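Accompanying notes for the structure given below.
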There are 2 protein chains.
Amino acid sequence: MDAKKQALYEARARIIKAMAHPSRLFIVEELSRGEKCVCELTEMIGADVSTVSKHLSVLRSAGIISDDRRGAQVYYTLRVPCVLNFFGCVESVLKTTAKEQLQLLKKT
Amino acid sequence: MDAKKQALYEARARIIKAMAHPSRLFIVEELSRGEKCVCELTEMIGADVSTVSKHLSVLRSAGIISDDRRGAQVYYTLRVPCVLNFFGCVESVLKTTAKEQLQLLKKT
DNA sequence: AAAATATTTGGCTATTTTGCCAAATGAACA
DNA sequence: TGTTCATTTGGCAAAATAGCCAAATATTTT
């Protein structure tokens with residue numbers, strides 16, 4: 001794998017990696033319903049504000065969400081809605097795996 | 001976020017996390033063209049066989065690929081092709097970010 | 001200007017991930 | 001059976017990630 005191809009896959013992995021965390025997946029899904037400020041997300045997630053802020057920073061650096069300061073609050077928005085399509089596929093991976101588990105059990 | 005919801009997002013994150021690595025993204029894309037054995041993938045990636053084997057194991061545990069031993073070789077297949085849709089979206093995240101960068105430069 | 005509220009950043013530790021080497025296992029073949 | 005080839009596993013060290021607290025910054029309010 002040459003350097004150019006390597007760089008391409010690294011860029012792609014950065015985006016996917018940014019989504020690869022329970023809280024960050026939650027944030028993405030929540031923002032798909034409309035913008036939310038840090039305090040609202042923190043409340044829902046139930047972690048330290050600083051932790052949530054860092055999760056938001058990861059998603060923002062990856063270009064998945066964008067921020068908008070309005071007064072004391074910062075509102076976050078989903079910038080690329082197509083990431084929502086991930087969920088359907090992830091669900092089907094889970095379903096496929098579950099079905100296979102079932103098949104294995106039936107054979108017993 | 002209650003325990004049930006937490007568990008759901010953790011399960012989802014496990015799948016996405018399994019894809020969140022340059023080599024593993026490469027493997028997924030490569031397998032979309034048809035099955036490949038470990039030695040072929042190792043050759044293409046250019047890392048240690050044991051490293052590639054572990055990447056494959058991560059993808060298999062997540063239920064994204066499946067293995068089939070035929071003689072001395074083990075062939076891997078993409079089990080859930082919808083993960084390929086990720087690429088298109090990832091590309092559009094990259095593109096959107098690039099466009100924004102360009103806008104910022106124009107203002108200078 | 002001081003106090004209060006919202007958010008980010010720095011710093012630290014604990015945990016996880018990565019990637020190599022060496023060793024073990026599985027299968028084909030002389 | 002012993003040898004060779006393909007793959008996996010164990011183990012280790014380096015690097016990255018996660019989450020909390022404390023401190024800094026930004027904004028509004030008193």
Side-chain angles (χ1 to χ4, degrees), chain A residues 1 3 5-7 9-28 30-31 35-77, chain B residues 1 3 5-7 9-28 30-31 35-77:
Chain A
M1 189 144 53
K5 211 163 184 188
Q6 178 74 27
Y9 282 98
E10 269 166 19
R12 288 177 176 172
R14 249 191 304 279
I15 315 260
I16 305 225
K17 211 187 289 191
M19 309 249 309
H21 186 285
S23 300
R24 295 201 291 266
L25 283 180
F26 174 81
I27 289 170
V28 166
E30 207 50 52
L31 293 187
E35 63 171 17
K36 292 259 179 320
C37 68
V38 182
C39 53
E40 290 174 305
L41 292 167
T42 300
E43 162 90 36
M44 294 190 234
I45 292 172
D48 194 275
V49 204
S50 69
T51 301
V52 174
S53 176
K54 277 175 186 172
H55 282 312
L56 288 165
S57 153
V58 169
L59 287 168
R60 184 167 36 73
S61 308
I64 297 170
I65 64 178
S66 57
D67 58 332
D68 179 23
R69 175 148 228 151
R70 285 211 294 284
Q73 279 112 337
V74 176
Y75 288 89
Y76 281 90
T77 332
Chain B
M1 189 144 54
K5 210 165 185 187
Q6 179 73 27
Y9 282 98
E10 270 167 19
R12 288 178 176 171
R14 249 191 303 280
I15 314 264
I16 305 223
K17 212 188 289 192
M19 310 249 309
H21 186 284
S23 301
R24 296 201 292 268
L25 282 181
F26 174 81
I27 290 170
V28 165
E30 206 51 51
L31 293 187
E35 63 173 16
K36 294 260 179 319
C37 69
V38 181
C39 52
E40 291 173 304
L41 292 168
T42 300
E43 162 89 34
M44 295 191 234
I45 292 173
D48 195 276
V49 203
S50 69
T51 300
V52 174
S53 176
K54 277 176 185 170
H55 281 311
L56 288 164
S57 152
V58 169
L59 287 168
R60 184 166 36 73
S61 307
I64 297 170
I65 63 178
S66 56
D67 59 332
D68 177 23
R69 174 149 229 149
R70 284 210 294 285
Q73 279 111 336
V74 176
Y75 288 89
Y76 281 90
T77 331

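Every chain is numbered from 1 and lettered A, B, ... according to where its sequence line falls, protein lines coming before strand lines. Remember, it's a predicted structure, so these values are computed and weren't measured experimentally.
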Check your understanding: Which is it for A/Glu30 and A/Glu40 under the side-chain contact (heavy atoms from CB on, under 4.5 Å) test, yes or no, and what are the steps along the way?
Key -> CA-CA 10 Å; A/Glu30 207 50 52; A/Glu40 290 174 305; over 6 Å; no

Where the side chain of [X] is concerned, which of [options] is the nearest nucleotide?
X: A/Asp48; options: C/dT8, D/dC20, C/dT17; value: D/dC20
X: A/Lys54; options: D/dT9, D/dT7, D/dC20; value: D/dC20
X: B/Cys37; options: D/dT7, C/dT7, C/dT18; value: D/dT7
X: B/His21; options: D/dA6, C/dT17, C/dG19; value: C/dG19
X: A/Arg69; options: D/dT7, D/dC20, D/dA26; value: D/dA26

Review point. side-chain contact (heavy atoms from CB on, under 4.5 Å) with B/Arg24: which of B/Val58, B/Ile64, B/Val52?
Key: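 Answer after filtering B/Val58, B/Ile64, B/Val52: B/Val58.
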
Review point. If you measure from CD1 on A/Ile27 to CD1 on A/Ile45, what distance do you get to the nearest 0.5 Å?
Key: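 Interatomic distance, A/Ile27 CD1 to A/Ile45 CD1, rounded to 0.5 Å: 4.0 Å.
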
Write down the distance between [atom1] ([X]) and [atom2] ([N]), rounded to a whole number of angstrom.
X: A/Lys36; N: C/dT7; atom1: NZ; atom2: P; value: 13 Å
X: A/Arg60; N: C/dT7; atom1: CZ; atom2: C1'; value: 11 Å
X: A/Glu10; N: D/dA16; atom1: CD; atom2: C1'; value: 14 Å
X: A/Ile45; N: D/dC20; atom1: CD1; atom2: P; value: 11 Å
X: B/Leu56; N: C/dT17; atom1: CG; atom2: P; value: 17 Å
X: A/Tyr75; N: C/dT8; atom1: OH; atom2: P; value: 13 Å
X: B/Met1; N: D/dG19; atom1: CE; atom2: P; value: 10 Å
X: A/Ile16; N: D/dT17; atom1: CD1; atom2: P; value: 15 Å

Using a cut-off of less than 4.0 Å, is there contact between a side-chain N or O of [X] and OP1 or OP2 of [N]?
X: B/Thr51; N: C/dG19; value: no
X: A/His55; N: D/dT17; value: no
X: A/Tyr76; N: C/dA6; value: no

Check your understanding: Would you call the rings of A/His21 and A/His55 parallel, tilted or perpendicular if under 30° counts as parallel and over 60° as perpendicular?
Key ->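 A/His21 vs A/His55 ring planes: tilted.
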
Practice item. By nearest nucleotide on DNA chain D, pick out whichever of A/Ser23 and A/Arg70 is the more 5' one. Key: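 First, find each residue's nearest nucleotide; the 5'-ward one identifies A/Ser23.
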
Point to revise | Toward the 5' end of DNA chain D, by each residue's nearest nucleotide, A/Val58 or A/Ser50 | key: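 Here A/Val58 is the residue nearer the 5' end.
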
Practice item. State whether the number of non-hydrogen atoms from other residues, nucleotides or ligands found under 6.0 Å of B/Glu10 atom CD is greater than 12. Key: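 Atom CD in B/Glu10 is packed in, count exceeds 12.
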
